[in-house]
Amino acid sequence: MKPTNIVFVMSDDHAAHAISAYGSRVNHTPHLDRIAREGMRLDAVYCTNSICSPSRASILTGTYSHVNGVSSIWTEMDYRVPTFTEVLQGSGYQTALFGKWHLGEHGQARPRGFDEWKVFPGQGDYVDPEMITESGAEVVQGYATDIVTDQALDWLERRDGDQPFCLLVHHKAPHRPWVPNPEHQHLYADGTIPEPETFFDDYATRSKAVQGVHMTLADDMGADDLKTEVPERLRGPENRKARMRWKYQIYMRDYLQCIQSIDDNVGRLLDYLDAQGLAENTLVVYTSDQGFFLGDHGWFDKRLMFDQSLQMPMLMRWPAEIAPGSTSDAIITNVDFAATFLDVCGINTDQALPSSQGRSFRPLLRGEGIADWPDAAYYRYWEHDDPIHHAPGHYGIRTKDHKLIYYYCAGLGVPGASERVFEPEWELYDLRDDPTEIHNVADDPAYAEIRAELERKLAQYQDRYGDLPYTGPGTEHPQWGPYDHEVLARVQEYVAHIQATSELRRIPAAPAEPLLVRYALPALALPSSRNGT
């Protein structure tokens with residue numbers, strides 16, 4: 001049999017609940033649905049650190065952030081552990097990457113394990129983006145999602161037809177600031193996009209750590225995201241709900257229009273594979289680097305361990321082994337991707353990628369059970385109290401029925417994290433009775449036994465993955481990856497800009513030590529190679 005090919009399509013910040021195959025109430029994605037219809041929809045895939053760079057590093061290496069060193073959006077790859085693409089390239093596969101990299105573009109952080117690559121610096125731009133290759137940088141005319149697909153299709157045309165291939169098609173959409181392709185600007189423009197059930201969550205039972213995050217639509221989404229100023233009639237605390245509703249429609253319109261371009265371009269790839277007779281022997285994967293809050297709990301962005309942020313969509317088509325229209329509810333994490341891709345290509349992960357902490361879920365794709373498959377996902381968010389979002393450092397465990405979260409609230413030397421330390425807190429959610437995660441029952445005596453059991457499981461999973469629990473300010477932590485010092489001084493300017501364009505939210509001053517920010521708005525005129533959060 002010929003070796004299996006892989007086409008791995010990954011978007012940025014695409015929540016599963018904005019895909020109609022997952023039951024979306026807000027949009028329709030016929031080409032993504034086609035992958036599910038002709039293959040498998042995986043319903044319990046979770047990221048291990050809900051932020052761009054760390055998730056991408058975990059996918060490539062099959063390791064947690066504390067192993068690969070990429071703990072925050074500012075940390076770059078130093079290849080302390082190898083990647084699955086390096087293994088495939090060394091095993092005779094043709095390999096290519098087009099689109100978003102977000103793990104550093106200079107020196108040791110540049111993409112490895114690819115015969116050809118062309119990537120956006122940082123997050124990149126939607127229109128006429130700069131792109132970097134081994135030979136240098138150039139501006140490519142057009143819309144980013146179309147450009148990346150064009151480059152992928154061109155490479156498929158030029159490849160050696162006698163050799164297997166692994167193609168990574170990594171889109172920047174639908175990452176903020178959500179600039180749609182003009183051809184989709186008529187969609188979702190009537191202002192009637194349904195609001196989520198938890199839109200007006202009052203955080204009554206939440207930890208202080210969660211109550212303090214700066215990710216609310218009402219008060220933290222500024223004019224640069226909306227591309228317009230908030231009308232005077234919607235300003236002030238008395239107009240908060242009306243302001244939320246107004247912002248939500250603009251935000252979701254732009255977000256969903258960006259997704260429509262993703263869907264169209266996935267369709268182009270599928271059509272090419274079918275027309276060239278490659279479909280039967282090619283594993284097509286669609287996912288996103290993490291989830292995203294679409295007004296859920298009144299938030300946008302990600303980072304927290306609530307399901308809208310934690311869950312990654314994952315659709316897989318491989319006619320040779322995956323039955324059409326199948327589903328799986330087995331708990332999988334992005335640390336498992338590398339081992340699975342290598343297994344699909346007939347490569348023994350233990351031998352070829354011994355640093356991997358994940359396991360192949362290939363048998364699950366065939367509808368088979370795996371007796372000792374993990375019954376929980378372990379999660380850790382390291383970028384504590386960053387100067388923009390102020391999400392707390394935390395870790396936790398997600399089982400089928402429960403979720404336990406420990407907000408230890410300390411930075412532990414992570415690039416971009418705050419040095420401030422807050423009082424630790426717990427949250428516990430009963431996902432059977434409270435699937436929308438509204439009621440924190442961590443201190444409810446009726447859940448004392450369940451909490452104790454989950455704390456034991458959490459400790460077991462930390463031991464399994466070699467991640468040290470937080471024991472206080474002196475807790476030992478890994479040596480983190482490198483980061484670019486050139487933009488350290490821009491944090492204060494960016495925070496001031498966000499504060500000026502947000503509504504009624506006083507953002508605390510950043511810690512005394514300057515932090516590195518890889519996020520840019522036009523008003524700041526930061527180098528394009530530093531864009532992105």
Side-chain angles (χ1 to χ4, degrees), residues 13 49-54 65 71-75 176 201-203 206-222 224-225 240 244 247 290-293 295-306 308-310 379-396 405-427 440 470 473 483 487-488 490-521 524 532-533:
D13 294 345
N49 186 349
S50 184
I51 190 168
C52 299
S53 302
S65 300
S71 54
S72 70
I73 58 167
W74 296 288
T75 324
R176 70 194 298 191
D201 188 349
D202 62 6
Y203 315 128
R206 311 294 190 190
S207 62
K208 292 178 182 178
V210 167
Q211 292 179 25
V213 299
H214 289 193
M215 302 191 306
T216 66
L217 284 168
D219 301 326
D220 300 306
M221 180 173 279
D224 291 280
D225 290 318
R240 193 171 192 272
M244 279 181 68
K247 287 185 178 183
Q290 63 265 319
F292 211 68
F293 292 112
D296 313 281
H297 308 289
W299 292 322
F300 68 105
D301 212 78
K302 57 259 186 180
R303 291 172 166 78
L304 300 177
M305 202 180 159
F306 296 90
Q308 293 85 8
S309 166
L310 181 69
Y379 177 88
R380 184 158 189 173
Y381 175 79
W382 290 92
E383 196 180 309
H384 167 68
D385 190 34
D386 78 280
I388 310 304
H389 310 88
H390 297 279
H394 59 286
Y395 51 70
I405 312 169
Y406 180 55
Y407 300 98
Y408 59 89
C409 300
L412 298 176
V414 169
S418 168
E419 294 182 358
R420 299 189 299 177
V421 178
F422 308 123
E423 181 181 356
E425 300 174 271
W426 290 90
E427 288 183 346
N440 171 24
Y470 181 74
Y483 58 97
V487 295
L488 291 174
R490 307 307 295 269
V491 172
Q492 298 289 357
E493 184 180 355
Y494 178 71
V495 171
H497 184 81
I498 287 289
Q499 183 175 355
T501 61
S502 299
E503 177 73 16
L504 301 173
R505 176 76 76 167
R506 182 179 181 277
I507 297 181
E513 290 296 320
L515 301 175
L516 168 69
V517 166
R518 284 170 67 192
Y519 187 87
L521 292 174
L524 292 184
T533 59

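Predicted model only: the values in this text are computed from it and were never measured.
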Test Thr216 against Trp299 for side chain to side chain contact (heavy atoms under 4.5 Å, CB included), laying out the working first. CA-CA 4 Å; Thr216 66; Trp299 292 322; 4.0 Å; yes
Report the C-alpha separation of Arg380 and Tyr408 in whole Å, then their side-chain angles, then the decisive distance to 0.1 Å, and conclude whether the side chain to side chain donor-acceptor pair (under 3.5 Å) test is met. CA-CA 11 Å; Arg380 184 158 189 173; Tyr408 59 89; 3.2 Å; yes
Rounded distance [0.5 Å steps], CZ in Arg176 versus CG in Asp224: 9.0 Å
Rounded to the nearest 0.5 Å, how far does CG of Leu412 lie from OH of Tyr470? 6.5 Å
Atom of Tyr483, atom of Trp74 and distance for their closest heavy-atom approach: CB-O, 3.1 Å
Between Gly416 and Pro387 the two heavy atoms that sit nearest each other are O-CD, 3.7 Å
Side-chain heavy-atom pair Ser72, Trp382 within 4.5 angstrom cut-off: no
Against Tyr407, only a single residue in Glu425, His394, Glu427 fulfils side-chain hydrogen bond (donor to acceptor under 3.5 Å, both in side chains); can you say which? Glu427
What distance do Asn440 atom CG and Ile405 atom CD1 have between them, rounded to the nearest 0.5 Å? 8.0 Å
Looking only at heavy atoms, which two atoms of Met221 and Lys247 are closest? And how far apart? O-NZ, 2.8 Å
NZ/Lys302 to CD/Gln290 distance, rounded to the nearest 0.5 angstrom? 5.0 Å
Quick one: pull up OH in Tyr381 and OG in Ser309 and give me the separation to the nearest 0.5 Å. 9.5 Å
Could you state the interatomic distance from CG (Asn49) to CZ (Arg303), rounded to the nearest 0.5 Å? 9.5 Å
Using modelled atom types only, decide if a donor and an acceptor are shared between the side chain of His384 and the backbone of Val421 within a distance under 3.5 Å. no
Is any side-chain heavy atom of Asp13 less than 4.5 Å from a side-chain heavy atom of Cys52? yes
Looking at every non-hydrogen atom in both residues, tell me the closest pair between Tyr379 and Leu310 and how far apart they are. CD1-CD1, 3.4 Å
Member of Pro392, Ser418, Cys409 meeting the side-chain contact (heavy atoms from CB on, under 4.5 Å) criterion with Asp385: Ser418
Pair Asp220-His390, side chain to side chain contact (heavy atoms under 4.5 Å, CB included): steps then yes or no: CA-CA 11 Å; Asp220 300 306; His390 297 279; over 6 Å; no
Return yes if some donor-acceptor pair links the side-chain N/O of Gln211 with the main-chain N/O of Arg206 below 3.5 Å, else return no. yes
Taking all atoms of both residues into account, what is the closest heavy-atom pair of Ser71 and Pro415, and its distance? OG-CD, 3.9 Å
Taking all non-hydrogen atoms of both residues, which atom of Ser53 and which atom of Ile73 are closest, and how far apart? OG-O, 3.5 Å
Full working for side chain to side chain contact (heavy atoms under 4.5 Å, CB included) between Val210 and His297: CA-CA 11 Å; Val210 167; His297 308 289; over 6 Å; no
